[in-house]
Protein chains: 2
Amino acid sequence: MKTADPELMRAINRFNVLDTIRRHGPISRVEISERSELSTTTVSAITGALLDDGLILTRHEGDLRNAASRGRPRVMLELNPNAARVVGAKIAAHCMVFAVTDFRGEVLSQLTLPIRVNRQSISVIADLIEDGVRRCVVDAGLVLGDVDSICIGLPGVIEHRTGLVRSSPIFRETDVDFANEMTSRLNVPTIVESDAHAIALAHHWFGKARDLDDMVLVSLEQTLGLGVLHHGQLFRGAGGLSHNLGDLVLGIGPQDIVRLSALAGENAILGNQPDGGGRFAEAMRLGRGMAMAQTLIAADDNTLLAAATRAGEAVGLAVANIVTLFGPPRVIIVGSSLSLGPVFLDSLRDAYRRAIPSSIQAVAELVFDESADETWAQGAAVVALCELYESPWGTTGPAPAL
Amino acid sequence: MKTADPELMRAINRFNVLDTIRRHGPISRVEISERSELSTTTVSAITGALLDDGLILTRHEGDLRNAASRGRPRVMLELNPNAARVVGAKIAAHCMVFAVTDFRGEVLSQLTLPIRVNRQSISVIADLIEDGVRRCVVDAGLVLGDVDSICIGLPGVIEHRTGLVRSSPIFRETDVDFANEMTSRLNVPTIVESDAHAIALAHHWFGKARDLDDMVLVSLEQTLGLGVLHHGQLFRGAGGLSHNLGDLVLGIGPQDIVRLSALAGENAILGNQPDGGGRFAEAMRLGRGMAMAQTLIAADDNTLLAAATRAGEAVGLAVANIVTLFGPPRVIIVGSSLSLGPVFLDSLRDAYRRAIPSSIQAVAELVFDESADETWAQGAAVVALCELYESPWGTTGPAPAL
DNA sequence: ATGAATTAATCCGCATTGGGGAAAAATTGG
DNA sequence: CCAATTTTTCCCCAATGCGGATTAATTCAT
């Protein structure tokens with residue numbers, strides 16, 4: 001366990017204040033004091049330091065409380081958008097999305113490349129990502145030197161702490177040290193993170209978990225991912241690695257194990273068609289599999305209806321198990337599979353309702369969200385920002401040189 | 001989030017020192033300083049306070065390093081066994097076990113009552129527990145007033161934070177405020193905790209997880225429980241409640257959901273015998289079901305062999321899923337079902353091996369442990385001790401009155 | 001306009017904490 | 001009995017957060 005010295009104390013309170021300002025928009029010092037339960041004196045000292053460091057800005061308008069109030073008006077504080085820039089990327093099998101954001105996590109520029117990276121070599125993928133990052137940065141009117149940090153969101157099992165990609169459907173190799181690879185290519189600190197963790201943080205900052213510090217997110221893309229938020233922080237496994245939900249076992253056949261990915265993975269839904277799997281081949285290669293499936297389902301394609309129903313059922317059971325283990329107040333379900341439509345969703349909800357133990361039935365609510373790809377990239381950017389927020393900035397340490 | 005003031009700093013470091021002393025037996029100040037990465041000055045100050053508070057003792061012998069060493073000899077510090085007394089209890093359907101321990105968690109007296117509390121009314125159960133606690137305390141040569149805290153370990157879904165027993169196989173009612181009930185009966189602060197959490201902490205302090213701060217424990221008793229240790233602390237769900245592993249869904253039949261408890265619960269293994277379930281009725285009532293099953297399995301009872309095999313398989317799959325989600329370096333499996341013997345264990349191991357994804361195959365090791373009932377009660381006592389360790393003791397706060 | 005009332009933010013001094021270096025304490029070896 | 005050595009404590013410093021007094025900036029009443 002790390003030792004508690006004044007520096008840690010400072011870092012904790014500083015983060016608290018910064019996070020309060022981020023969450024509650026332009027906010028006055030008194031209100032920060034109320035929300036964070038720090039004394040006004042301390043808030044004043046910390047905000048002073050944050051102002052010196054250029055992380056926040058003052059604004060003399062926008063005091064929302066009863067306009068006809070006496071006394072000295074409050075000075076509102078807000079994040080300085082220009083305090084930092086980060087790049088977030090979401091890499092999927094058929095598509096790469098990049099987003100440059102400011103210190104608040106607001107997107108400055110965005111770039112979607114519908115490129116199939118699936119099964120390419122590492123260096124080719126790294127080339128494409130490097131290119132995308134550079135172009136997106138230019139689009140934002142910046143140069144790479146302005147960027148403080150980059151986060152690449154990938155499907156699969158990612159070890160955030162070490163920067164290792166343990167296994168990913170878009171990499172042929174396993175145990176790739178991708179964070180180092182990209183850091184040396186771009187000469188900007190680059191980290192990797194599970195795409196599910198990225199979208200989970202995006203929802204925590206901007207989406208459907210803004211009000212919660214505990215929740216679970218299930219992502220249904222080519223890979224089935226899980227993000228657990230615990231006391232406001234991502235719950236990373238003991239080794240700091242992310243989970244692969246698709247590996248969950250849902251039953252056991254006469255000979256073989258039935259995994260979730262075999263019932264609800266993108267390939268499972270679209271790939272096992274009776275005509276030998278060729279029907280979707282072209283659409284899937286282009287990343288349009290789910291859109292095509294949606295069309296066919298609307299036309300009552302029986303095979304697909306059955307596949308979607310089965311997939312929904314499997315996911316419903318898996319979600320029930322996750323709720324049993326984590327007991328979150330909310331489960332957010334995202335990903336391309338949602339576009340299968342009501343057939344899938346109803347089946348999912350129904351299976352969940354049957355599978356959830358009655359004793360914890362009321363604990364969790366299910367929320368569905370069809371986020372745009374941009375949101376995933378933004379989430380990756382948020383992962384990078386989170387590290388910046390916690391990092392020891394200028395004034396932490398000895399007294400500022402006067 | 002809680003605000004960081006000097007008091008918190010103190011509490012953290014104080015806990016660190018106390019925990020280091022607990023873990024590493026009689027230990028000198030210098031060694032504490034090395035292990036905790038606190039300066040010798042700070043260690044000296046904190047140990048001084050701990051000595052003043054009577055939580056630790058000095059011992060002038062037992063310096064183990066090279067005996068022929070020059071310089072001032074080290075003064076060894078160790079926990080003061082008499083600094084506190086707690087009572088831990090494990091309540092099962094057919095048996096109640098109590099243990100009084102000292103501040104170190106060493107058992108002073110122990111009491112096993114093979115009483116069937118199953119389906120009794122709350123007040124009867126509370127009566128029995130009250131009686132057991134009182135008798136065990138007397139056996140230890142103490143009176144209730146000497147006891148600082150009590151922890152009752154129960155099967156089921158327990159909300160430790162609020163003291164609520166959400167649902168338990170030994171209670172007819174749900175949502176029982178059992179902590180308050182026992183506190184007012186005994187006039188000693190009493191908390192409740194899941195029995196699985198209790199045995200998990202017991203293993204962390206004394207058993208097979210002494211060296212680990214992250215691990216998962218699976219308990220296979222009448223109820224199937226789970227305890228997750230995360231960074232040295234019990235991972236309690238968002239609401240502070242414990243998990244019920246038996247509710248996990250392992251598959252879906254034509255009409256109904258197949259839960260783990262239906263395949264691997266005690267009742268499932270012993271109860272569904274072809275002769276109508278009567279064969280074990282008497283043995284089960286007496287809590288001897290597993291012992292009898294063991295005998296029958298040794299005699300090649302085919303029905304039981306099949307049940308044990310099926311149960312082992314189900315648990316193996318569930319454990320694989322848990323490893324997929326939590327990625328712990330070790331899984332400890334405990335509980336009465338282990339006494340089913342190699343048939344069960346082999347089946348479990350085999351199913352686990354088949355179900356664990358190859359990408360994380362090497363992450364976790366499976367460890368089996370047939371702990372005595374006493375250990376469970378000791379674990380409950382440890383839960384109580386943990387809270388005492390973290391509580392702000394005397395000197396924390398204003399300067400000590402001189 | 002001017003002063004009283006009111007609210008926000010800051011300044012000053014205090015208590016507490018941990019850390020570094022010097023000093024004291026308690027040994028062994030010659 | 002003194003030097004060497006190692007542990008422990010003592011003294012002082014820097015940093016933190018907090019409470020109370022003070023200053024700043026506004027509205028309201030006259």
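Numbered from 1 within each chain, the chains take letters A, B, ... in sequence-line order.
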Margin query: Restricting to side-chain hydrogen bond (donor to acceptor under 3.5 Å, both in side chains), what partner residues turn up for B/T190, sequence neighbours left out?
Written below: none

Item checked: D/dT7 base / B/R72 side chain donor-acceptor hit below 3.5 Å -> yes

Checklist line | Integer-rounded Å distance: D/dG17 P and A/F15 CZ | finding: 16 Å

Item checked: Rounded distance in Å - CG (A/L50) to C1' (C/dA9) -> 16 Å

Within the sub-3.5 Å range, which N or O atoms of nucleotides 10-13 of chain D have a protein N or O partner, and how far apart are they?
none

Next item on the list: Return no unless some side-chain N or O of B/T42 is found under 4.0 Å from OP1 or OP2 of C/dG19.
Entry: yes

Item checked: Nucleotide nearest A/R70 when distance is taken to its side chain, options D/dT23, C/dG18, C/dT6 -> C/dT6

Note to self: Within the structure provided, determine whether B/I56 and B/L18 are in side-chain contact (heavy-atom separation under 4.5 Å).
What the structure shows: yes

Next item on the list: Classify the nucleic acid contact of A/A4 as base, sugar-phosphate or nothing, counting any heavy atom under 4.0 Å across all strands shown.
Entry: sugar-phosphate

Item checked: Distance, rounded to the nearest Å, where B/I12 contributes CD1 and C/dT16 contributes C1' -> 15 Å

Item checked: Length of the CG-P vector between A/L8 and D/dA15, whole Å -> 17 Å

Next item on the list: Starting at atom CD of A/E37, determine the distance to atom C1' of D/dG17, rounded to an integer number of angstrom.
Entry: 14 Å

Next item on the list: Report yes if at least one side-chain N or O of B/R29 is closer than 4.0 Å to OP1 or OP2 of D/dT9; otherwise report no.
Entry: yes

Next item on the list: Kindly assign one of parallel, tilted or perpendicular to the pair B/H230 and A/H230, based on the angle between their ring planes and the thresholds 30° and 60°.
Entry: perpendicular

Next item on the list: Find which nucleotide of DNA chain C each of B/I46 and B/T40 is nearest to by heavy atoms, and output the residue with the more 5' nucleotide.
Entry: B/I46

Check: For DNA chain C, whose closest nucleotide is more 5', that of A/D5 or that of A/S28?
Finding: A/S28

Notebook entry, point to check: Nearest-Å distance, CE (A/M76) to P (C/dT7)?
Noted result: 17 Å

Notebook entry, point to check: Nearest to the side chain of B/M9 - C/dG18, D/dT9, C/dG19?
Noted result: C/dG18

Notebook entry, point to check: Can you name the residues that form a side-chain hydrogen bond (donor to acceptor under 3.5 Å, both in side chains) with A/T42, not counting sequence neighbours?
Noted result: A/S39

Next item on the list: List in chain and number order the residues that pass side chain to side chain contact (heavy atoms under 4.5 Å, CB included) with B/D213, two or more places apart in sequence or in another chain; answer none if no residue qualifies.
Entry: B/R23, B/H204

Item checked: Rounded interatomic separation in angstrom, taking CZ from A/R74 and P from C/dA8 -> 5 Å

Notebook entry, point to check: Listed by chain and number, what are the side-chain hydrogen bond (donor to acceptor under 3.5 Å, both in side chains) partners of B/R104, not counting sequence neighbours?
Noted result: B/D102

Item checked: Bend angle of the helix from C/dA1-D/dT30 to C/dG30-D/dC1, from helix axes over five pairs at each end, nearest 10° -> 20°

Note to self: Base, sugar-phosphate or nothing for B/V75? Non-hydrogen atoms, less than 4.0 Å.
What the structure shows: sugar-phosphate

Notebook entry, point to check: Which nucleotide sits closest to the side chain of B/S44: D/dT8, D/dG17, C/dA8?
Noted result: D/dT8

Notebook entry, point to check: What's the NE2-C1' distance between B/H60 and C/dA25, to the nearest Å?
Noted result: 13 Å

Notebook entry, point to check: So, is A/N13 near the phosphate of D/dG17, with a side-chain N or O under 4.0 Å from OP1 or OP2?
Noted result: yes

Checklist line | Contacts of B/R35 that satisfy salt bridge (charged side-chain N to carboxylate O under 4.0 Å, His left out) - sequence neighbours left out | finding: B/E31

Checklist line | salt bridge (Lys or Arg N to Asp or Glu O under 4.0 Å) partners of residues 197-207 of chain B, not counting sequence neighbours, each pair once | finding: none

Next item on the list: Find out whether B/H160 and B/R236 are in side-chain contact, i.e. whether some heavy atom of one side chain is under 4.5 Å from a heavy atom of the other.
Entry: yes

Next item on the list: Identify, with sequence neighbours excluded, every residue that meets side-chain hydrogen bond (donor to acceptor under 3.5 Å, both in side chains) alongside A/N180.
Entry: A/D177

